[in-house]
Amino acid sequence: MNIIRENKDLACFYTTKHSWRGKYKRVFSVGTHAVTTYNPNTLEVTNQWPYGDICSISPVGKGQGTEFNLTFRKGSGKKSETLKFSTEHRTELLTEALRFRTDFAEGKITGRRYNCYKHHWSDAKKPVVLEVTPGGFDQINPVTNRVLCSYDYRNIEGFVDLSDYQGGFCILYGGFSRLHLFSSEQREEIIKSAIEHAGNYIGISLRIRKEPLEFEQYLNLRFGKYSTDESITSLAEFVVQKISPRHSEPVKRVLAVTETCLVERDPATYNIATLKPLGEVFALVCDSENPQLFTIEFIKGQVRKYSSTERDSLLASLLDGVRASGNRDVCVKMAPTHKGQRWGLLSMPIDEEVESLHLRFLAAPPNGNFADAVFRFNANISYSGVLHAVTQDGLFSENKEKLINNAITALLSQEGDVVASNAELESQFQAVRRLVASKAGFLAFTQLPKFRERLGMKVVKALKRSNNGVIHAAVDMLCALMCPMHDDYDLRQEQLNKASLLSSKKFLENLLEKFNSHVDHGTGALVISSLLDFLTFALCAPYSETTEGQQFDMLLEMVASNGRTLFKLFQHPSMAIVKGAGLVMKAIIEEGDREIATKMQELALSEGALPRHLHTAMFTISSDQRMLTNRQLSRHLVGLWTADNTTATNLLKRILPPGLLAYLDSSDPVPEKDADRMHVRDNVKIAMDQYGKFNKVPEWQRLAGKAAKEVEKFA
């Protein structure tokens, strides 16, 4: 078998090969020049067919199924052979393979082309050519003959006619019923042809909606379930240049983060050009050469490229927005995701077998290339942690904890100083983050010999590199050790991990030095954001309740001594950073001594933070949870900064009417209608639940403990 060296894997799937000898697991790859199958245990090539030898690839049976046939020519003769495979992701596999249909041996399948008009986001009608292909629609520019974009059948939910728009029909697309409006005299033929192609080549049935739409309804529903005001109202906006093959020059856009979406607007008209749900963001890629370039990767495979003068602030806001929307699998990195390394879809977690194989690859790389094993691991395992991390009951179940510990040991035995490039070192930290985000990995920090020392050395060496990507990855990994990222966690373990991480003053000074330097220079928003998370988990309620007293006081004092630095962050363009700085400030005033609190009150006035937070506290009207949390925080800070502070009270007298200020001296209870959004976890309840399983704590013991804590605080 001659292997084509220049062939690169583009999409891989974990499949079963059905042969007369039995069934085998195979990685089925659609590449640039050929279809290849690999042995999943060794990554060795078991077969390869250049596209020129392939006759067809097609679904087996009618309707939804898992089996498909691959027919190819044998040797130079006319003889052909058919192999059968099966996979849960048949639709996607066939779609990817049919992108190369024009290179196949038989009947260079080309679709029929139709002249149409596309209703553009600017409300203009633009002439386009639609080609109905085996895998979807290609939208082609009639002048240059280039494909502008494709609408894959796998992402089409159906079609709907427009009753008051001549020849008008919409493609419902993308899983949230986004409407793309075309018009053509051959409307019926186009839709009929697409439905046939989708059934024959991809094995899915598409339908036309019975009820047609009116044009007015299209305008109101063009963004599907994200057409509501909440979905398109900006929480943060940044001016960017969009770099796209559709345009010869970069195009100016306003990139807006809303509660649920990433919205691209035209700056001249403020019209929405495109919209993507935040839940579909897979990764954010920072270009390591150009400090303005970044790419957003989506789970359906799209990639969008932009440049911005405030890239890092934009990414910090976007990262916060994506995580706040419930998507915990997003991360920021330097190297783009190599899709050919993932054995499945980006939109679904991979099989348990695939996860176990990649854990083994870290301990023993099959091709002897450790860096490659780490990139493969990261491409397959969700950033939110190893999914199947607990050993199942059963005779032949494998020990997951052992696999995870071996993988951690392999990652920490790699020296972080010389060998690895920045992208490789970053990927190592992100692999450790995926492991410690699981219960077994979180436990391993204090139980696995030398884990703490080796990790400490690795982080210290990483800080010396002064590369923002590496530092952000390292600190984000530390945060996953400070606060458990998995469900059903043990507070005692959290306490042990924290005590271990906060034990070295030198280490903390190192981290704070990076923090202060970035704030002073107005750089490294991502590093600042991750360090604020680290400080929040150490100093801010409710997380601070598991921080040891002496360590808490030491770190609080270190942060308070650079109070002015925190105030600078209140002017930051990223809302996430303003909130983080506010939480740390709240902890300093509430937990620090009288002298520190007074100093912070003076700085709040001299740095202009009080008026800004007063504005947020009084005039924020929103339904977004993040905005409401910030409002609650601002109200709290204004209270702390003005308590027993004559200068601040005099300032308020010059801002607010005396009648309103009189309320501050009222002895009436405050009417609390609002929910508490800052204290999001009840540690006492968690501890009671955990230890209640083993031993009920007597009431007198609990009260005695509480009293002792009060006395200690008073003393």
Side-chain angles (χ1 to χ4, degrees), residues 9 11-18 22-29 37-44 46 65-67 85-93 282-283 299 327-331 337-366 372-411 427 430-444 448 480 484-489:
D9 299 333
C12 287
F13 300 87
Y14 194 55
T15 62
T16 305
K17 180 181 177 184
H18 300 252
K23 292 182 178 181
Y24 310 102
K25 286 292 182 192
R26 288 288 179 260
V27 178
F28 188 102
S29 149
T37 57
Y38 297 93
N39 176 339
N41 297 303
T42 60
L43 298 186
E44 286 169 343
T46 54
T66 58
E67 296 182 353
F85 294 86
S86 64
T87 170
E88 291 296 314
H89 308 309
R90 181 179 78 173
T91 311
E92 287 75 16
L93 185 147
F282 178 72
I299 57 175
N327 176 353
R328 297 190 308 179
D329 290 328
V330 68
C331 67
T337 305
H338 182 5
K339 304 244 177 62
Q341 290 183 331
R342 187 175 175 103
W343 299 355
L345 312 181
L346 292 178
S347 55
M348 285 173 75
I350 47 150
D351 293 13
E352 188 170 353
E353 286 171 62
V354 176
E355 196 173 82
S356 298
L357 280 166
H358 282 84
L359 281 166
R360 288 203 182 89
F361 288 168
L362 284 180
D372 180 64
V374 176
F375 282 118
R376 284 179 179 279
F377 178 80
N378 289 345
N380 284 283
I381 311 298
S382 302
Y383 192 67
S384 57
V386 181
L387 203 65
H388 311 278
V390 182
T391 303
Q392 300 297 319
D393 296 335
L395 196 59
F396 296 108
S397 61
E398 56 189 343
N399 185 331
K400 280 291 159 59
E401 290 78 4
K402 191 175 174 193
L403 276 182
I404 288 172
N405 287 352
N406 289 349
I408 290 172
T409 307
L411 280 161
S427 72
Q430 292 184 334
V432 176
R433 159 64 155 81
R434 286 166 164 85
L435 293 164
V436 298
S438 70
K439 195 164 187 171
F442 193 71
L443 279 170
L448 196 65
M485 299 291 166
H486 51 273
D487 301 325
D488 184 30
Y489 48 82

Determine whether F442 and H486 satisfy the following criterion, ring-ring contact (aromatic ring centres under 6.0 Å, His included), listing intermediate values before the conclusion.
CA-CA 9 Å; F442 193 71; H486 51 273; 5.3 Å; yes
Let's go through F85 and F28 carefully: what are the C-alpha distance in whole Å and the side-chain angles of both, what is the deciding distance for ring-ring contact (aromatic ring centres under 6.0 Å, His included) to 0.1 Å, and is it a yes or a no?
CA-CA 9 Å; F85 294 86; F28 188 102; 5.1 Å; yes
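Contact detail for R342 and A379: the closest heavy-atom pair is NH1-O, 2.8 Å. The shortest heavy-atom contact between S382 and R434 is O-CG, 3.4 Å. The nearest pair of heavy atoms linking I350 to V354 is CD1-CG1, 3.6 Å. When every heavy atom of A373 is checked against every heavy atom of F361, the shortest pair comes out as CB-O, 3.7 Å. The shortest heavy-atom contact between P366 and N41 is CB-O, 4.4 Å. The two residues N327 and D329 make their nearest non-hydrogen contact at OD1-N, 3.0 Å.
Side-chain contact between R376 and L43 is present, with heavy atoms from C-beta onward closer than 4.5 Å. Side-chain contact between T37 and Y24 is absent, with no heavy atoms from C-beta onward closer than 4.5 Å. I408 has its side chain out of reach of V432: every pair of non-hydrogen atoms, C-beta onward, lies at least 4.5 Å apart. For the pair L345 and F13, the minimum side-chain heavy-atom distance is below 4.5 Å. Within the 4.5 Å cutoff, the side chain of H18 has heavy atoms near those of the E67 side chain.
Residue T15 is tested with R26, E88, H89 for a side-chain contact (heavy atoms from CB on, under 4.5 Å); the sole match is R26. With respect to L435, the side-chain contact (heavy atoms from CB on, under 4.5 Å) criterion is satisfied by exactly one of L403, L411, N405: L411.
Note that CG of L362 is 11.0 Å distant from CD1 of I404, once rounded to the nearest 0.5 Å. With rounding to the nearest 0.5 Å, the separation of CG in L357 from CZ in F377 is 12.0 Å. Atom OH of Y38 sits about 12.0 Å away from atom CD of E44, to the nearest 0.5 Å. To the nearest 0.5 Å, atom NZ of residue K17 and atom OG1 of residue T46 are 6.0 Å apart. The CD atom of Q430 sits 5.0 Å away from the OH atom of Y383 when rounded to the nearest 0.5 Å. Remark: Y14 OH to L93 CG distance equals 15.0 Å, nearest 0.5 Å.
Under the 3.5 Å distance criterion, the side-chain polar atoms of D9 are left unmatched by any main-chain donor or acceptor of S29.
Side-chain contact, D372 with Q341: a donor N or O sits under 3.5 Å from an acceptor N or O.
Ring orientation note: the planes of W343 and H358 are nearly perpendicular, at an angle over 60° on the 30°/60° scale.
We find that K400 and E355 are not joined by a salt bridge, their nearest charged nitrogen and carboxylate oxygen being 4.0 Å or further apart.
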